[in-house]
Amino acid sequence: MQSVSGDSEAVRPWRLIRQDCHGNRYRVGSYATRAEAFHLAERLGERGDGYLVEHQRSDGSVQTVSG
């Protein structure tokens with residue numbers, strides 16, 4: 001039986017990604033809901049940095065839903 005960690009992609013499928021002016025990407029965090037990820041992206045984006053929200057689908061693919 002596989003255990004589920006608190007940061008499992010299945011439990012927290014919404015990712016907040018910071019993208020700098022050179023296209024480098026850094027994961028800021030993973031969240032359980034879209035609302036959580038977007039709320040933090042908006043707060044952090046007020047500083048002028050670029051933030052993206054991505055969704056990890058059950059088939060393993062990733063969809064960018066903002067940017």
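Keep in mind that this is a model prediction, so the values were computed, not measured.
Side-chain contact between Tyr51 and Val28 is present, with heavy atoms from C-beta onward closer than 4.5 Å. Using a 4.5 Å heavy-atom cutoff, the side chains of Leu16 and Leu44 are in contact. Contact of the Val65 side chain with the Trp14 side chain is registered, since non-hydrogen atoms from C-beta on lie closer than 4.5 Å. Using a 4.5 Å heavy-atom cutoff, the side chains of Leu52 and Arg18 are not in contact.
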List the atom pairs, donor and acceptor, that lie under 3.5 Å between side-chain atoms in residues 32-40 and the rest of the protein, sequence neighbours left out.
| residue | atom | partner | partner atom | Å |
| --- | --- | --- | --- | --- |
| Thr33 | OG1 | Glu36 | N | 3.2 |
| Thr33 | OG1 | Glu36 | OE1 | 3.2 |
| Glu36 | OE1 | Ala32 | N | 3.2 |
| Glu36 | OE1 | Thr33 | N | 3.0 |

Query raised in the report: So Gln63 and Arg57, side-chain contact (heavy atoms from CB on, under 4.5 Å) or not? Walk me through it.
Result: CA-CA 7 Å; Gln63 175 188 17; Arg57 296 178 176 178; 3.0 Å; yes
Requested in this report: Could you give me the CA-CA distance, side-chain angles and deciding distance for Val53 and Tyr31, then say whether side-chain contact (heavy atoms from CB on, under 4.5 Å) is met?
Outcome: CA-CA 10 Å; Val53 175; Tyr31 304 91; over 6 Å; no
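The nearest pair of heavy atoms linking Ser30 to Arg15 is OG-CG, 4.2 Å.
With rounding to the nearest 0.5 angstrom, the CD1 atom of Ile17 is 5.5 Å from the CZ atom of Arg25.
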